[in-house]
Amino acid sequence: MKRKLRMGMVGGGNDAFIGAVHRIAAFMDGKIELVCGAFSIDPQISKQSGEDLFVAPERVYLNYEEMIEKESLLPEGERMDFVTIVTPNFLHFAPAKLAMEKGFDVVVEKPMTVSVEEAKELQATVERTGRTLCLTHTYSGYPMVKQAKAMIKEGHFGKIRKIVVEYPQGWLSRLTEREGNAGAAWRADPKRSGKSLVMGDIGTHAAHLAEYVSGLKIQELCADLTTFVEGRLLDDDGSVLLRFENGAKGVLMASQISAGEENAVRIRIYGEKGGLEWANEDPNNLIIKMLDQPRQLYRTGNAYAAPYTLSSFATHNTRVPAGHPEGLLESFANIYRNFASTVTAKREGRTPTPEEQDFPTVYDGVRGMAFIDTVVKNNEGTEKWTKFVV
Ligand code: NAD
């Protein structure tokens with residue numbers, strides 16, 4: 001395929017937060033162009049957003065139904081190839097399903113849906129239609145996260161025993177949802193957000209990161225959710241004990257009332273021979289701590305000699321020479337580039353490489369929704385441990 005992939009957007013207008021980040025990420029590698037959108041719940045904002053983004057006026061649609069329907073009727077050489085869905089959580093499922101049924105691939109924000117049932121229906125739709133669905137678990141796109149995963153996979157630390165993952169934020173320390181913050185308002189509304197605020201908004205990122213880096217699946221958990229801010233309708237803080245499939249134990253903390261914190265995602269994993277540490281606020285560093293050895297610091301973009309050579313997954317997702325900071329936007333762009341390469345490979349009848357296929361999918365989305373469900377169920381019930389069933 002000798003052309004860019006054509007992207008349509010649902011949400012992401014001038015009234016939105018993450019949509020603009022998606023566009024930066026999608027455009028970074030020159031493989032994707034924006035051709036259409038239903039950019040906002042407000043048609044006027046959608047129209048203005050389309051104008052600002054230089055989208056042809058006839059391809060700025062009133063709603064996602066019209067967009068998907070009309071785009072599907074355009075000639076092959078013009079119509080969009082995939083839809084990016086960046087609406088509040090309750091508005092992910094319907095456009096994702098409709099898009100795949102009309103022959104489009106999908107990039108969708110997390111949490112993938114608002115229920116396990118919806119998530120499983122999307123999985124069934126992917127399997128039936130053969131479409132590609134990419135879920136934007138942002139933190140899995142960093143080169144040093146991929147290096148951590150590769151080192152665990154090759155047995156560098158021995159059998160994994162302990163996984164500690166944290167995602168503290170402070171921005172919901174007050175009743176932000178009543179202060180005119182639209183993003184906080186829908187997040188704190190059970191009808192638009194889902195069963196859990198903190199686990200849907202950031203806990204699923206942490207759970208995905210733990211499973212992605214360790215290569216181990218959560219099997220059982222024990223959870224404690226709290227609503228600290230008076231008047232809030234959903235939880236804003238959670239601690240979860242985790243049991244993984246190989247006997248490893250874990251701790252997950254997700255909190256939006258950790259006053260003063262920004263996006264302090266951090267993961268530490270320990271095996272029999274040593275451990276690692278990675279943090280979103282210092283993403284080009286991977287700290288390696290081996291028993292009886294001085295600490296080592298692996299840095300993005302270095303051509304280390306064996307046995308320290310960075311994995312092909314880390315180098316594939318690195319853009320600039322060592323020492324030049326790469327961050328969230330590049331990590332996000334890695335997810336888009338790998339998705340675009342996979343979609344293109346499938347269209348060309350080629351099997352995508354493992355590096356190209358390295359992005360979160362519908363199966364991660366189903367696990368994310370099962371995670372939220374299991375946490376809420378355990379928190380509300382009386383049993384000590386609840387099995388994580390997908
Ligand atoms: P937001 O409230 O800032 O923006 C939502 C956008 O969706 C707005 O443009 C709104 O007008 C539009 N919208 C709502 N209903 C619509 C409809 N029916 N049709 C078309 N557009 C519609 O929200 P946000 O912070 O950008 O979050 C959007 C999604 O992205 C959420 O699911 C959130 O969890 C996720 N998110 C993910 C990350 C990440 O790190 N991956 C970060 C932030 C947000």
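Whatever order the structure lists ligands and atoms in, that order sets their numbers, starting from 1. Hydrogens, waters and symmetry mates play no part in the numbers below; they use all other heavy atoms, side chains included. As the structure is a prediction and not an experimental result, all values here were calculated from the model.
- Residue Pro111 has no N or O atom closer than 3.5 Å to an N or O atom of ligand 1.
- For ligand 1, the atoms lying closer than 4.0 Å to a non-hydrogen atom of Asp15 are 8 (C), 9 (O), 10 (C), 11 (O).
- Compare Glu65, His137, Lys110, Met9 by their heavy atoms: the one nearest to atom 34 (O) of ligand 1 is in Lys110.
- Between Phe17 and ligand 1, at least one N/O pair is under 3.5 Å apart.
- For ligand 1 and Phe39, the ligand atoms under 4.0 Å from any heavy atom of the residue are 9 (O).
- Taking 4.0 Å as the cut-off between side-chain N and carboxylate O, Arg319 and Asp29 count as a salt-bridged pair.
- Here is the list of ligand 1 atoms found below 4.0 Å of a heavy atom in Thr87: 7 (O), 13 (N), 16 (C), 21 (N), 22 (C), 28 (C), 29 (C), 31 (C), 32 (O).
- Looking at Tyr64 next to ligand 1, no N or O pair under 3.5 Å apart turns up.
- In summary, the atoms of ligand 1 found under 4.0 Å from a heavy atom of Ala38, numbered by their order in the structure, are 20 (C), 21 (N).
- For ligand 1, the atoms lying closer than 4.0 Å to a non-hydrogen atom of Ser40 are 11 (O), 20 (C), 21 (N), 22 (C).
- Geometrically, ligand 1 and Ala182 share no nitrogen or oxygen pair separated by less than 3.5 Å.
- Near Val86, meaning under 4.0 Å from one of its heavy atoms, ligand 1 places the atoms 5 (C), 6 (C), 7 (O), 28 (C).
- The protein heavy atom nearest to atom 4 (O) of ligand 1 is Ala16 CB, 3.3 Å.
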